Amino acid sequence: TGFTDTRITFEAVQRHVEDFEKAMAEEPALASEDIAQYALFYRGDFIHQTLTLVMAFFAFGESADEGLLQRYSAEYDIFDAFSVTGGVMIFQSGGGDSFLAPFARNDRLFLDFKYSF
């Protein structure tokens, strides 16, 4: 309440792998028997819903020690059938064997032009 054209979402999960074996820890996705994951999303529409801002944060580990993914984007409707979207994704690994370690050097910028007919 109090926010118009705005959505904020928070999700949390605690994953537990039954019968975890040390050999399974060689896979980054299963670095430990228990792992906490958090996600925070924000979406806001502005200028009569022609500009949309989106921010998303994904944290792995209780204090993001297993990695953090951030995504920021903006979409602008130039006219009804044509829009432009741009943004950035930032990967932060939590260390050498963390969940996001394989993606640590994969930050990206993106720009998208969309014409609907």
Side-chain angles (χ1 to χ4, degrees):
T1 184
F3 294 106
T4 58
D5 299 321
T6 300
R7 283 178 257 165
I8 299 172
T9 305
F10 177 76
E11 298 179 16
V13 65
Q14 176 69 37
R15 299 198 188 278
H16 176 77
V17 178
E18 293 291 329
D19 300 323
F20 184 82
E21 298 176 10
K22 291 187 187 256
M24 295 169 72
E26 294 176 10
E27 290 294 321
L30 297 173
S32 63
E33 185 175 10
D34 293 292
I35 187 167
Q37 297 176 352
Y38 306 97
L40 177 64
F41 300 94
Y42 166 83
R43 178 187 170 117
D45 293 317
F46 303 94
I47 312 172
H48 303 288
Q49 298 182 338
T50 58
L51 175 65
T52 302
L53 301 178
V54 177
M55 292 182 282
F57 303 92
F58 304 92
F60 301 90
E62 289 190 22
S63 60
D65 55 337
E66 292 290 322
L68 178 67
L69 168 61
Q70 303 169 61
R71 184 182 191 277
Y72 305 94
S73 67
E75 178 180 3
Y76 185 72
D77 293 331
I78 296 174
F79 53 88
D80 286 341
F82 185 64
S83 66
V84 176
T85 303
V88 62
M89 288 181 68
I90 302 168
F91 293 89
Q92 296 175 322
S93 67
D97 61 349
S98 68
F99 182 76
L100 289 180
F103 307 102
R105 298 179 53 95
N106 289 314
D107 296 346
R108 75 176 191 156
L109 295 171
F110 57 92
L111 184 62
D112 181 42
F113 299 94
K114 180 178 171 184
Y115 179 73
S116 301
F117 53 92

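Keep in mind it's a predicted model, so treat the numbers as computed, not measured. FYI, side chains are in, hydrogens and waters are out, and symmetry mates aren't considered; it's all heavy atoms of this structure. In this chain, residues are counted from 1 in sequence order.
Contact check for Ile78 versus Thr50: no side-chain heavy atoms found under the 4.5 Å cut-off. In this structure, the side chains of Tyr42 and Thr6 come closer than 4.5 Å at one or more pairs of heavy atoms. Between Gln70 and Leu68, some side-chain heavy-atom pair lies under the 4.5 Å cut-off. Put simply, the side chain of Asp5 reaches to within 4.5 Å of the side chain of Gln49, judged on heavy atoms. Tyr76 places none of its side-chain heavy atoms less than 4.5 Å from the side chain of Phe46.
Separating the CD atom in Gln14 from the CD atom in Gln37 is a distance of 9.0 Å, to the nearest 0.5 Å. Rounding to the nearest 0.5 angstrom, the gap separating the OH atom in Tyr38 from the OG atom in Ser63 is 8.5 Å. Going from atom CZ of Arg108 over to atom CE of Met89 covers 5.0 Å, rounded to the nearest 0.5 Å.
No path of Ile, Leu, Val, Met, Phe, Trp and Tyr side chains, each step under 4.5 Å between heavy atoms, connects Leu69 with Ile8, placing them in separate hydrophobic clusters. No continuous path of ILVMFWY side-chain contacts below 4.5 Å connects Val13 to Leu40, so the two sit in separate hydrophobic clusters. No path of Ile, Leu, Val, Met, Phe, Trp and Tyr side chains, each step under 4.5 Å between heavy atoms, connects Val54 with Phe113, placing them in separate hydrophobic clusters. Criterion: ILVMFWY side-chain heavy atoms under 4.5 Å apart, direct or through other members. Under it, Phe10 and Phe57 are part of a common hydrophobic cluster.
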Fill in: Worked check of side-chain hydrogen bond (donor to acceptor under 3.5 Å, both in side chains) between Arg71 and Ser73
CA-CA 7 Å; Arg71 184 182 191 277; Ser73 67; 3.2 Å; yes

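Within the 3.5 Å criterion, the main-chain N or O of Phe91 finds a donor-acceptor partner in the side chain of Asp107.
Between Phe58 and Phe41, the gap from one ring centroid to the other is short of 6.0 Å.
In this structure, Asn106 places its CG atom where more than 12 heavy-atom neighbours from other residues, nucleotides or ligands lie under 6.0 Å away.
Under the 30°/60° scheme for interplanar angles, the aromatic rings of Tyr115 and Phe79 are found to stand perpendicular.
When all heavy atoms of Phe110 and Val88 are compared, the pair lying nearest together is CE2-N, 3.5 Å.
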